[in-house]
Amino acid sequence: MARRILVTGGAGFIGSNFVHYLVANTDDSVTVLDKFTYAGNEASLAGLPEDRVTVVHGDICDAELVDRLIAESDVVVHYAAESHNDNSLHDPRPFLDTNIIGTYTLIEAARRHEKRFHHISTDEVYGDLELDDPERFTDQTPYNPSSPYSSTKAGSDLLVRAWVRSFGLQATISNCSNNYGPRQHVEKFIPRQITNILVGDRPKLYGEGLNVRDWIHADDHSSAVLRIVEAGRIGETYLIGADGERNNKDVLETILELMGQPRDAYEHVVDRPGHDLRYAIDASKLRDELGWAPAYQDFDRGLADTIAWYRENEPWWRPQKDATEAKYREQGQ
Ligand code: NAD
Ligand code: TDX
């Protein structure tokens, strides 16, 4: 039977990809609740069928609005967050409000109305790994977040876990690695470098660029979340990753090559304070228990598709580009 799914943060990068994924792969109806901060974009939901997708402008901290929308939904999938580490180092307050108080507001309403809740989180809650560490993150890895962003995501995960145990909240949690794909804000690493090249600026690498991220395509994140919503065990945490470890220098050189530039046509800029060295996900629980597998096996091909998307969708990203770069310039990045 078709469900009504409330997607918070559905106008952001991963949330909007999930809404497109739901419309294409299920009969469900979707209500998007989004505050349309600098990171939310109406254009990311353009072209979706109006009889399947309703967009509500509002804040997840607004208890009355949240209560009404959750009462009207069957399932809540919670993506809304302040999501950028660099921003959290300069102005942490919105991260506490949205990531902690916003999540608290949602789980209180989900508990009141006894609704299925899925919480979207990040591998950054586990801190970082040495480059040569043979271990990868699992759901048993102790929490050890480094930044204001990741500590507020860790706090929100712990709230959800406590609400499951103390109040019987019908919730699952997923912690995913770095996503790439269409509709990602130009403040993030991959879109920033692609759009710098498109506007004729040099890409910017933090420090030596030896930091490793474990890349997954946003569509694979969406298929994993849908699988967990449908078959995940209540109270469980599933790590989502696609064995995509690459260091930043390697990713940047690949982007330059795919865009017909010399591989060394970039600048080193000041490093991020407290910069996590390496993330790596062991997704075997999700693969073995729920039978999930990623569709994107070839990172270079996914990257080429992503570059093509930014080439073809300049009106989507152009309005955000100058303000984003002005902010980075102030930070020496
Ligand atoms: P994003 O910044 O692109 O989108 C966030 C969305 O949330 C925006 O549309 C914004 O308007 C909305 N929002 C912010 N505050 C709100 C509030 N108070 N009320 C309602 N809406 C609000 O972020 P993203 O990269 O798409 O990340 C989405 C989620 O996935 C986050 O929870 C993030 O922690 C998690 N995550 C992201 C990654 C990644 O690689 N980007 C990886 C793992 C997990
Ligand atoms: O210009 C840049 N140059 C650069 O070298 C930028 C913007 C980033 N970097 C580096 C920093 C990181 O090592 O690239 C890597 C990726 O940076 P981000 O895109 O800012 O992502 P990260 O900090 O790894 O966090 C992302 O993945 C986990 C998301 O933003 C989070 O929301 C998610 O939880």
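Since this is a predicted model, take the numbers as computed values, not measurements.
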Has Asp219 got a side-chain atom pairing as donor or acceptor with Tyr21's backbone, closer than 3.5 angstrom? no

Measuring only between side-chain heavy atoms, which start at C-beta, is Phe95 closer than 4.5 Å to Ser88? yes

Hey, what do you get for CG (Leu106) to CG (Leu6), rounding to the nearest 0.5 Å? 7.5 Å

Would Thr141 and Asp282 count as a side-chain contact (heavy atoms from CB on, under 4.5 Å) if you check the C-alpha gap in whole Å, the side-chain angles of each, and the deciding distance to 0.1 Å? CA-CA 11 Å; Thr141 305; Asp282 175 351; over 6 Å; no

What is the minimum heavy-atom distance between Pro191 and Val186, and which atoms define it? CB-CA, 3.9 Å

Side chains of Glu187 and Tyr38 only: does a donor on one sit below 3.5 Å from an acceptor on the other? yes

Are side-chain heavy atoms of Gln261 and Ile255 found at a separation under 4.5 Å? no

Does any part of the side chain of Val199, heavy atoms only, come nearer than 4.5 Å to the side chain of Trp317, both counted from C-beta? yes

What is the ring orientation for Tyr126 with Phe137, classed by angle as parallel under 30°, tilted 30 to 60°, or perpendicular over 60°? tilted

Check step by step if side chain to side chain donor-acceptor pair (under 3.5 Å) holds for Arg183 and Asn41. CA-CA 9 Å; Arg183 307 183 198 93; Asn41 194 333; over 6 Å; no

Could you tell me whether Glu108 and Arg111 have a side-chain N and a carboxylate O separated by less than 4.0 Å? yes

Kindly state whether the ring of Tyr206 and the ring of Phe189 have centres lying under 6.0 angstrom apart. no

Using side-chain heavy atoms (C-beta onward) and a distance below 4.5 Å, is Arg287 in contact with Pro294? yes

Could I get the full list of side-chain contact (heavy atoms from CB on, under 4.5 Å) partners for Asp67, not counting sequence neighbours? Ala109, Arg112, His113

Do the side chains of Asp123 and Arg136 get close enough for a salt bridge, i.e. N-O under 4.0 angstrom? no

Sort out for me which residue in Glu135, Glu245, Glu130, Glu124 forms a salt bridge (Lys or Arg N to Asp or Glu O under 4.0 Å) with Arg278. Glu245

Smallest separation among heavy atoms of Gly10 and Leu45, with atom names: O-CD2, 3.4 Å

Quick check: closest heavy atoms across Trp292 and Arg227, and the distance to 0.1 Å? CB-CG, 4.5 Å

Going by heavy atoms in the side chains, are Asn313 and Pro182 under 4.5 Å from each other? no

Has Thr8 got a side-chain atom pairing as donor or acceptor with Tyr79's backbone, closer than 3.5 angstrom? yes

Does the side chain of Ser174 reach to within under 4.5 Å of the side chain of His118, using non-hydrogen atoms? yes

How many angstroms lie between CD1 in Ile240 and CD1 in Ile120, if you round to the nearest 0.5 Å? 6.5 Å

So, Arg68 and Glu64, do they make that salt bridge, N to O below 4.0 Å? no

Are any non-hydrogen side-chain atoms of Val55 and Asp34 less than 4.5 angstrom apart? no

Are the side chain of Trp215 and the backbone N or O of Tyr180 linked by a donor-acceptor pair below 3.5 Å? no

Could you tell me whether Asp62 and Lys35 make a salt bridge, using a distance below 4.0 angstrom between a side-chain N and a carboxylate O? no

Leu33 vs Ile60, side-chain contact (heavy atoms from CB on, under 4.5 Å): CA-CA, chis, key distance, verdict: CA-CA 7 Å; Leu33 170 58; Ile60 56 167; 3.9 Å; yes

Step-by-step side-chain contact (heavy atoms from CB on, under 4.5 Å) determination, Leu226 to Leu22: CA-CA 8 Å; Leu226 188 57; Leu22 280 178; 3.7 Å; yes

Residue pair Glu114 / Gln170, side-chain heavy-atom distance below 4.5 Å: no

I'd like to know whether Lys153 forms a side chain to side chain donor-acceptor pair (under 3.5 Å) with Thr122, so could you lay out the CA-CA distance, the side-chain angles of the two residues, the decisive distance to 0.1 Å, and finally the verdict. CA-CA 7 Å; Lys153 290 299 292 187; Thr122 168; over 6 Å; no

Look at the side chain of Asp298 and the backbone N and O of Arg301, then say whether any donor-acceptor pair between them is shorter than 3.5 Å. yes

Side-chain donor/acceptor of Asn175 to backbone N/O of Leu239, under 3.5 Å: no

Between His20 (side chain only) and Ser44 (backbone N and O only), is there a donor and an acceptor less than 3.5 Å apart? yes

What's the shortest heavy-atom distance between Ile100 and Thr152, and which atoms? CD1-O, 3.4 Å

Does the Lys NZ or Arg CZ of Arg192 fall within the cation-pi geometry relative to Tyr328 - under 6.0 Å from the ring centre and within 45° of the axis? yes

Output yes when Lys249 and Glu253 qualify as a salt bridge under the 4.0 Å nitrogen-oxygen rule, no when they do not. yes

Is a side-chain N or O of His268 found less than 3.5 angstrom from the main chain of Gly207, in a donor-acceptor match? yes

Is it true that, when you exclude Asp27 itself, more than 12 heavy atoms of the residues, nucleotides or ligands shown sit nearer than 6.0 Å to its CG? no

Option among Arg161, Lys285, Arg233 that satisfies the salt bridge (Lys or Arg N to Asp or Glu O under 4.0 Å) test with Asp139: Lys285

Value rounded to 0.5 Å, distance of NE2 in His221 from CD1 in Ile14: 5.5 Å

Atom CD of residue position Glu267 - does it have more than 12 heavy atoms of other residues, nucleotides or ligands inside 6.0 Å? yes

Would Ser147 and Arg272 count as having a side-chain donor-acceptor pair, cut-off 3.5 Å? no

How close do Ser156 and Asn99 get, counting heavy atoms only, and between which atoms? CB-O, 3.2 Å

Taking only residues at least two apart or on different chains, which pairs with a member in residues 3-23 satisfy salt bridge (charged side-chain N to carboxylate O under 4.0 Å, His left out)? Arg3-Asp28, Arg3-Glu230

N/O donor-acceptor pair under 3.5 Å between Asp91 side chain and Asn87 backbone: no

Closest non-hydrogen contact found for Asp59 with Leu65 is N-CD2, 4.2 Å

Can a donor-acceptor pair be found between the side chains of Arg116 and Thr172 at a distance below 3.5 Å? yes

Exam field: side chain Lys115 to backbone Ser73, donor-acceptor pair closer than 3.5 Å: yes

Side chain of Asn179, backbone of Ser177: donor and acceptor closer than 3.5 Å? yes

